[in-house]
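Counting convention: from 1, in listed order, for ligands and their atoms alike.
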Amino acid sequence: MDDRPLGIFDSGVGGLTVCKAIRDLLPSENIIYFGDTLRFPYGTRSIDTVIRYSREITDYLASRGVKMIVVACNTSSAAALEVLKKDYPLPIIGVIEAGARAACARASGGTVGVIGTRATVNSGSYVREIHRLSPGMNVVQRHATIFVSLTEEGWIDDEITRLAARRYLQEMYDGGVRNLILGCTHFPLLKKAIADVFPDLDLIDTGIEIAREVSTILKEKSLENRGGHGDIELYASDLTDTIQRLKSVFFGDNGSEIKKLVIPG
Ligand code: DGL
């Protein structure tokens, strides 16, 4: 039994979808979540900047004695995961591998679609990972940047979001994509709007996939915290309305509060 916390980080609010999925699957684990709302978004920044931010947050989480780090942010996973894995002596996992693995297992027609931020798409990380797992797979990807703003605005079940879904995804759909990786932490919140437009599209939620992977790794390495009720500590570098709202949506108003924490750069 190991009651050290899991560390989870993201560029902002979206990683709460991952945090919630991990919490639901592993309720006895203690969690420290950090959302970098002050420096959000990461998806439009350079790779070097995303690596620097990701290192600073990893330093903080490591200093808190976490037993494992989950890079919930797709953009950080795409840009920084390999560097972090090399530089820190603890298990660190990112969402891309988990999403790619699920897509390869589920893709029926030999084609997988990926949507994410511009930085994630430009990094080619999903394409590389899918080809490593399934060399013959056809991968079609495109950035869906406006989905991030629509989610932040709270337009989750809204006509404008359905229009954006059609605009971003129709071509992929017509090209035969039926399995789509939601390669950005915000996108699982838009599952209903996307499904309204494309009901037979299989939407791959990387938060759910990585929660399963965390569970497997904790078991394999005997790091589980069995029994007891896990605590969640939530931190953000700026206490924006959006993070307060989403925190209430996911964790209610009676649980832990979000505290402000600015990580020294
Ligand atoms: N967490 C980011 C991601 O998954 C959200 C978008 C951003 O920071 O630009 O890519």
Side-chain angles (χ1 to χ4, degrees), residues 7-22 33-58 61 69-81 84 92-100 102-103 113-127 129 141-156 161 164 168 180-191 194 203-211 213 234-238 240 242-243 245-247 250 258 263:
I8 305 175
F9 78 86
D10 180 43
S11 60
V13 302
L16 288 174
T17 58
V18 177
C19 187
K20 172 84 168 78
I22 292 175
Y33 176 86
F34 178 78
D36 201 1
T37 42
L38 189 64
R39 300 189 289 194
F40 174 87
Y42 282 11
T44 48
R45 300 194 189 276
S46 70
I47 289 193
D48 285 352
T49 300
V50 177
I51 291 177
R52 179 161 61 81
Y53 291 171
S54 305
R55 266 186 201 282
E56 289 164 8
I57 300 167
T58 303
L61 292 172
I69 291 179
V70 178
V71 184
C73 178
N74 282 261
T75 306
S76 291
S77 298
L81 186 69
L84 299 180
I92 303 184
I93 60 169
V95 276
I96 288 180
E97 198 179 324
V114 180
I115 50 172
T117 63
R118 212 176 272 275
T120 299
V121 168
N122 289 346
S123 75
S125 298
Y126 271 110
V127 180
E129 192 56 30
Q141 53 165 7
R142 71 165 300 172
H143 72 80
T145 318
I146 287 174
F147 275 169
V148 176
S149 313
L150 292 169
T151 313
E152 293 271 313
E153 199 63 30
W155 292 352
I156 284 169
T161 308
Y168 279 136
L180 180 70
I181 298 179
L182 303 175
C184 172
T185 45
H186 284 60
F187 298 173
L189 292 162
L190 304 180
K191 273 198 263 190
I194 299 172
L203 303 176
I204 298 163
D205 180 337
T206 53
I208 293 173
E209 299 307 329
I210 204 160
E213 194 165 322
L234 299 170
Y235 296 99
S237 45
D238 193 17
T240 58
T242 316
I243 196 154
R245 181 166 48 79
L246 276 185
K247 181 252 159 195
F250 286 134
I258 302 186
I263 288 179

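For D238, the side-chain contact (heavy atoms from CB on, under 4.5 Å) partners at least two apart in sequence or on another chain are T37, L38, T240, K260. Under the side-chain contact (heavy atoms from CB on, under 4.5 Å) criterion, A98 pairs with E209, I210, E213, not counting sequence neighbours.
Counting only residues at least two apart or on different chains, the salt bridge (Lys or Arg N to Asp or Glu O under 4.0 Å) pairs with a member in residues 34-54 are D36-R39, R39-E56, R52-E56.
Note: I181 CD1 to I96 CD1 = 9.0 Å, rounded to the nearest 0.5 Å.
Of the residues listed (N74, T120, T206), the one engaging Y126 in a side-chain hydrogen bond (donor to acceptor under 3.5 Å, both in side chains) is N74, and it is the only one.
Ligand 1 lies under 4.0 Å from heavy atoms of D10, S11, F40, P41, Y42, G43, C73, N74, T75, T117, C184, T185, H186.
For the pair C184 and P188, the tightest heavy-atom approach, listed with the atom from each and the gap, is O-CD, 3.3 Å.
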